[in-house]
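Read through the structure below, which is laid out as structure tokens, and then see the notes.
Each chain gets a letter, A, B and so on, in the order the sequences are listed, and its residues count up from 1.
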There are 2 protein chains.
Amino acid sequence: MPTKPPPPRRAGRPRKTGDAAGGAALSRESILQAALALIDRQGPQAFNIRELAQALKVFPSAIYWYVPSRNELISGAVALAMNGVADDLVTGRWQARLAALLRRYREVLRRHPRLAPLVASELIYNATFDATMLDHLVQLLEDAGFAGADLVDAYNVVFAAMCGFATMELSTAPAEDAQAWESACRAQIARVDAARQPALARHLDAMQNRAFVLRWSSGDGQPLDSGFEAWVDVIVRGVESRARALRTAAKASRPASS
Amino acid sequence: MPTKPPPPRRAGRPRKTGDAAGGAALSRESILQAALALIDRQGPQAFNIRELAQALKVFPSAIYWYVPSRNELISGAVALAMNGVADDLVTGRWQARLAALLRRYREVLRRHPRLAPLVASELIYNATFDATMLDHLVQLLEDAGFAGADLVDAYNVVFAAMCGFATMELSTAPAEDAQAWESACRAQIARVDAARQPALARHLDAMQNRAFVLRWSSGDGQPLDSGFEAWVDVIVRGVESRARALRTAAKASRPASS
DNA sequence: ACCTGAACACCGTTCAAGT
DNA sequence: ACCTGAACACCGTTCAAGT
């Protein structure tokens, strides 16, 4: 969410550093940093302004001079965390660039796993992406041969692919009652009936705690690495195949051409 | 989240219907139904127990006799909404079944668009899926030729694919300030610099309000239909291509075989 | 068993007041 | 300009008490 012009702060102006407690001067930056640290520890649900104020050694109301609401604290923290998604993205074949983009996004998100459920949320996600990354994405789709409306579709596909797997992988049980969560999952597994769900039953051992809905360990502590690599593989192959199909369809519709 | 055994309710027991106001007797079912209706209208953020109680014409504390927390109200409502994702799924080639599964999931979610951001959230998603659907999914992956660890990976891929696009498509601006959201998006678009983001600039007109991050209209009111169909196409092609690649790799590793 | 009624603890936000 | 200090409104949850 684009920043409303913050209260003007003269650049080099010396600030009174009243407290000996090492509390750096308050600023939008420092506040969002602290907010991010809190959210990283406790998750967005438990995040609250009063605790944030305490960490910053100010009264809660002081925060409102820099950030107008709790929601914007959260989206600002997410934007901070996602800085650098577009840094030093590789060059090379578009397939390699696409794979790198997906991996990079997951890496960044893995540094702040508790933000994962927020990325899909309405609060956030415009804050999360900068024009540089979007340009990189569009460029690689051009290189793949997409154009016009097909390119827009492909953009949406790749964008959803970028966020999709990692978001689900890292969205995990509420920290409070991990034990209850685990037994709930085991109950779900135990309820599988070999007569009524034969295919599922055949693979239950292999899937247990390794597959969505059937796992209780967090994707943070126990990443689904091979699943993610399969994801990258499927997306790249799929986009490649679709690009080829669209090209031949276009060629067929204008039979005599260079 | 599996239901803890609810307070035992004798089946046919007549209940005192004290109020003439047409308020049906309280039950876990009726409460979750009312909760779902409220969430559908206002979104999960604004959903609160006091209003739910008012809608049910009881005191807030009455609700706690059936459902132990706000979180479980929400996850229960989601489970209710997602009933029937696995109903009458088609037969046929696995590719067609895969496509149908993805489309079906989106259809169901589109009936309750405000639930979209919750699906990726830790609160929920075990509540959302039943063994029948998982079995259907595993079966089609077997038919596609996956086995062992590859099948588990493919399961995670398809699962993420099922949720990924629709979740992002329907997660939209907070209803409160749609106007502010739109102008924020336009500002994001205006900030695109043809010199620094040339590829993006080339397609900006086509992408405006049609592409993730650059759209302000909700995926509810303005669906990304062609984008979603491209998604289905990419996923099916990708899975198909990967299955083939794995098969030939397996064949190569055991050179003499049937 | 099922619900009332009141109370508690907590939290986001506002606002007048200070410096 | 920037922060204090207190207050307001709201909300999830608990609990004793009713029937």
Note, DNA chain C 5' to 3' with Watson-Crick or G-U pairs under 3.5 Å encoded as ( ), [ ], | and . gives ||.|||||...|||||.||

For A/Q54, check side-chain contact (heavy atoms from CB on, under 4.5 Å) against everything at least two apart and list the hits.
-> none

Which parts of nucleotides 6-19 of chain C does protein reach within less than 4.0 Å, heavy atoms only, written one letter per nucleotide 5' to 3' as B for base, S for sugar-phosphate only and - for none?
-> -B---BBBBB----

Result for side chain to side chain contact (heavy atoms under 4.5 Å, CB included) between B/V85 and one of B/L109, B/L101, B/V108 points to B/V108

Residues in side-chain hydrogen bond (donor to acceptor under 3.5 Å, both in side chains) contact with [X], at least two apart in sequence or another chain:
X: B/N209; result: B/S217
X: A/R186; result: A/E182
X: A/R110; result: none

Taking atom CZ of A/R210 as the centre, does the number of heavy atoms from other residues, nucleotides or ligands within less than 6.0 Å exceed 12?
-> no

Charged N to carboxylate O under 4.0 angstrom, B/D130 versus A/R191?
-> no

In a check of side chain to side chain donor-acceptor pair (under 3.5 Å) between A/E169 and each of A/Q222, A/R215, A/R106, which one passes?
-> A/R106

C/dA1 P sits how many Å from B/R28 CZ, rounded?
-> 18 Å

